[in-house]
Amino acid sequence: MRDEVTLSNGAPTTGRDASRPGYSATLGRVETYFDKTATRTWERLTSDAPVSKIRQTVRQGRDRMRDLMLSRLPADLTGHRVLDAGCGAGQMTIELAARGAEVLATDISPSLVQIAEARLPEALRNQVTFTSGDMLCHTLGQFDHVIAMDSLIYYDANDIGRALATLETRTGGSIVFTVAPRTKALMAMWYAGKLFPRSDRSPVMIPHDAGKLAQAASTQGVLGQVKPIERVTSGFYISQLMEVRA
């Protein structure tokens, strides 16, 4: 595990917060999974390359969710600084920059960040700074908006609440994020996944009830209103859009 993360211009930032052992342990598992195991899968899924019918439903669901998340932000983001927290292969980053935003795109996987940077159109390069590491690093600075698509889905309610509270202190506008909703199907898969040895598992999504998550966020210091916006279901993809707004 790295002790620091580095901006694409070479400036070092502080490492992950050791005072949050649950968050840090999950962060490490997610980093290993995406950077060592799933990079090629995600590179293909987020491209125009042919995929299986199952993955096509996931691709369609993610496209729908990305559009919904963007709809919560102003159409013209000129002069706005936006954190793309968990930028993955960079699809959201491109859309934000195309709206005029100054984007800080970060992901725990350096391999995915490299893919995102390679995909960024040349005309948008002056608007985007890429980093790899913890999206909660305080040295990333202040933002007008934060978008976190599927980057909090592996954390429990208290860890999500603490993450949102941290981001809220640095964000002037809204925080838009997704979680796995607490449905019967997802809960069945979640319990089934716990039967496998930890060494054989990918990071497991933790399903959440929106009301209980909002309560946990308030307990952890979030001042704004945490509310559900819309749910997207597309084949094997199911995700709940949430928002923190003052």
Side-chain angles (χ1 to χ4, degrees), residues 26 30 33-34 38 41-42 45-46 51-75 82-93 95-96 99 107 135 145-165 167-168 171 173-194 202-220 222 224-246:
T26 301
V30 173
Y33 174 67
F34 281 99
T41 299
W42 279 94
L45 183 66
T46 58
V51 292
S52 68
K53 290 183 179 180
I54 290 175
R55 286 182 175 169
Q56 181 62 29
T57 66
V58 174
R59 180 184 282 173
Q60 291 169 348
R62 286 178 56 81
D63 288 346
R64 172 61 179 155
M65 179 56 79
R66 186 168 56 255
D67 289 343
L68 281 173
M69 297 182 83
L70 288 165
S71 75
R72 306 303 297 178
L73 272 59
V82 181
L83 175 64
D84 186 0
C87 66
Q91 290 170 293
M92 187 78 76
T93 300
E95 296 287 347
L96 291 168
R99 290 190 180 194
D107 198 277
M135 64 186 177
H145 302 281
V146 172
I147 279 188
M149 181 174 175
D150 295 346
S151 53
L152 292 170
I153 60 176
Y154 304 108
Y155 299 92
D156 66 26
N158 286 329
D159 280 338
I160 291 175
R162 284 189 285 270
L164 294 174
L167 291 170
E168 187 179 43
T171 307
S174 60
I175 301 171
V176 185
F177 66 102
T178 61
V179 295
R182 192 178 179 90
T183 66
K184 289 183 178 179
L186 276 182
M187 289 306 298
M189 287 188 286
W190 187 72
Y191 282 116
K194 292 176 74 66
S202 63
V204 178
M205 292 186 299
I206 298 180
H208 291 283
D209 173 83
K212 291 181 179 178
L213 180 58
Q215 186 177 29
S218 177
T219 300
Q220 297 301 326
V222 175
Q225 183 181 9
V226 180
K227 60 179 182 179
I229 303 300
E230 190 168 336
R231 184 179 295 180
V232 172
T233 302
S234 176
F236 277 75
Y237 181 85
I238 180 168
S239 187
Q240 175 68 53
L241 175 59
M242 303 284 292
E243 185 177 55
V244 180
R245 190 178 290 271

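Taken from CG in L241 to OG in S71, the straight-line distance is 7.5 Å, to the nearest 0.5 Å. We find the CZ-CD distance between R64 and E230 to be 5.0 Å, quoted to the nearest 0.5 Å. Atom OG1 of T178 is separated from atom CE of M65 by 6.0 Å, given to the nearest 0.5 angstrom. If you take OG on S239 and CE on M149, they are separated by 6.5 Å, rounding to the nearest 0.5 Å.
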Practice task
Please test L73 against L96 for side-chain contact (heavy atoms from CB on, under 4.5 Å), starting from the C-alpha separation and ending with a verdict.
Solution key: CA-CA 9 Å; L73 272 59; L96 291 168; 4.0 Å; yes
Practice task
For V244 and V222, run side-chain contact (heavy atoms from CB on, under 4.5 Å): C-alpha distance rounded to whole Å, both residues' side-chain angles, the deciding distance at 0.1 Å, then the answer.
Solution key: CA-CA 9 Å; V244 180; V222 175; 3.9 Å; yes
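Judged purely by atom type and a 3.5 angstrom limit, T26 has no side-chain atom pairing as donor or acceptor with the backbone of Y155. Without hydrogens or angle criteria, D84 side chain to T93 main chain gives a donor-acceptor distance under 3.5 Å. Checking side-chain atoms of T57 against main-chain N and O of I54 turns up a donor-acceptor pair under 3.5 Å. Using a distance-only test at 3.5 Å, with no hydrogens or angles considered, a donor-acceptor pair links the side chain of S52 to the main chain of R55. Within the 3.5 Å criterion, the main-chain N or O of A214 finds no donor-acceptor partner in the side chain of H208. S174 places no side-chain N or O within donor-acceptor distance of the main-chain N or O of R245, the cut-off being under 3.5 Å. For the pair R231 (side chain) and I238 (backbone), a donor-acceptor distance under 3.5 Å is absent. A donor-acceptor contact shorter than 3.5 Å is absent between the side chain of E95 and the backbone of L70.
Scanning all heavy atoms of the two residues, the minimum distance from V232 to G61 falls at CG1-O, 3.7 Å. Annotation for I160 and V179: closest pair CD1-CG1, 4.1 Å, computed over non-hydrogen atoms. The minimum heavy-atom distance linking L83 with M135 is given by the pair CD2-O, 4.0 Å. When all heavy atoms of Q240 and P228 are compared, the closest pair comes out as NE2-CB, 3.5 Å. Considering all non-hydrogen atoms of both residues, L152 and A163 come closest at CD2-CB, 4.2 Å. Between H145 and P74, the shortest heavy-atom contact is NE2-CD, 3.7 Å.
Heavy-atom contacts from other residues, nucleotides or ligands closer than 6.0 Å to CD of Q60 number more than 12.
The one candidate from D67, T46, D150 that meets the side chain to side chain donor-acceptor pair (under 3.5 Å) condition with R62 is D150.
Electrostatic pairing of R72 and E243 counts as a salt bridge here, judged by a charged N lying under 4.0 Å from a carboxylate O. For the pair D63 and R66, the salt-bridge criterion is met [side-chain N within less than 4.0 Å of a carboxylate O].
You'll find the side chain of L164 reaches within 4.5 Å of the side chain of F177, heavy atoms only.
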